[in-house]
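Note sheet for the following structure.
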Amino acid sequence: MNLIDSAQESLRALARTFALNSDQPGLYRIVAFELHAKWVGLGPELRLLQLLVAAFEARQADIALPEGAEDLHAQHLIEGAAAWAGEEGGTLHDFCKARSTAFLLASSLASDRDDLRLSLLALLKLTTLIPIDK
């Protein structure tokens with residue numbers, strides 16, 4: 001299994017966890033707290049890959065009323081992924097290699113060592129929007 005497939009599998013599993021436990025509003029904060037150290041420890045390339053996979057998986061979602069910076073970034077990533085998919089029509093693997101607007105935003109978020117919390121929260125927001133099979 002390659003990195004893209006592994007990221008896709010782990011994000012889908014987390015999306016299922018969020019969906020199946022939607023009655024526990026504190027879960028999101030607990031997951032953010034638990035993942036922060038791991039997120040900071042990842043290199044920017046792996047953070048970039050996670051953001052791209054999440055954006056591609058959530059590309060059909062919409063954040064009607066973005067509430068914070070992470071919502072805005074997630075919405076822009078979704079829009080970039082949806083636009084790329086509409087124009088190129090490629091696979092997840094193609095998307096992760098393309099230099100799209102989503103790539104540029106995700107790269108900026110993934111490389112910003114001063115605010116990795118924001119990129120993690122954007123990733124988690126995207127994850128909550130990934131469609132799942134219950």
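Annotation: the span from Asp71 atom CG to Ile63 atom CD1 amounts to 5.0 Å, rounded to 0.5 Å. Note that CG of Asp115 is 8.5 Å distant from CG of Leu109, once rounded to the nearest 0.5 Å. If you take CG on Leu3 and CD on Gln50, they are separated by 9.0 Å, rounding to the nearest 0.5 Å. Between the CD1 atom of Ile132 and the CZ atom of Arg12 there is a distance of 11.0 Å, given to the nearest 0.5 Å. The CG atom of Leu11 sits 13.5 Å away from the CZ atom of Phe56 when rounded to the nearest 0.5 Å. Atom CG of Asp5 is separated from atom CG of Asn2 by 4.0 Å, given to the nearest 0.5 angstrom.
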Side-chain donor-acceptor contacts of residues 117-125 below 3.5 Å, not counting sequence neighbours, with atom names and distances?
{"residue": "Ser119", "atom": "OG", "partner": "Trp39", "partner atom": "NE1", "Å": "2.9"}
{"residue": "Ser119", "atom": "OG", "partner": "Leu116", "partner atom": "O", "Å": "2.9"}

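Cluster annotation: Leu129 is connected to Leu27 through the hydrophobic network of ILVMFWY side chains, with a link wherever side-chain heavy atoms come within less than 4.5 Å. The cluster map of Ile, Leu, Val, Met, Phe, Trp and Tyr, joined by side-chain heavy atoms under 4.5 Å apart, puts Leu46 and Phe103 in the same cluster. The hydrophobic clustering, which links ILVMFWY residues whose side-chain heavy atoms are closer than 4.5 Å, places Leu72 and Leu52 apart.
Exactly one of Gln8, Glu57, Arg59 qualifies for a side-chain contact (heavy atoms from CB on, under 4.5 Å) with Ile130. That residue is Glu57.
When all heavy atoms of Ala81 and Ala102 are compared, the closest pair comes out as N-CB, 3.9 Å. Summarising the geometry of Val53 relative to Cys96, their closest heavy-atom pair is CG2-SG, 3.9 Å, with the distance given to 0.1 Å.
Here the side chains of Asp94 and Trp84 are in contact, with some heavy-atom distance below 4.5 Å. Taking the side chain as every heavy atom from C-beta outward, Leu48 and Leu51 never approach each other to under 4.5 Å. Side-chain contact between Asp62 and Ile78 is absent, with no heavy atoms from C-beta onward closer than 4.5 Å. The closest side-chain heavy-atom distance from Val31 to Thr127 is not below 4.5 Å.
Looking only at distances, a side-chain donor or acceptor of Arg47 sits under 3.5 Å from a matching main-chain atom of Leu42. Between the Ser111 side chain and the Ser108 main chain, no donor and acceptor come within less than 3.5 Å of each other.
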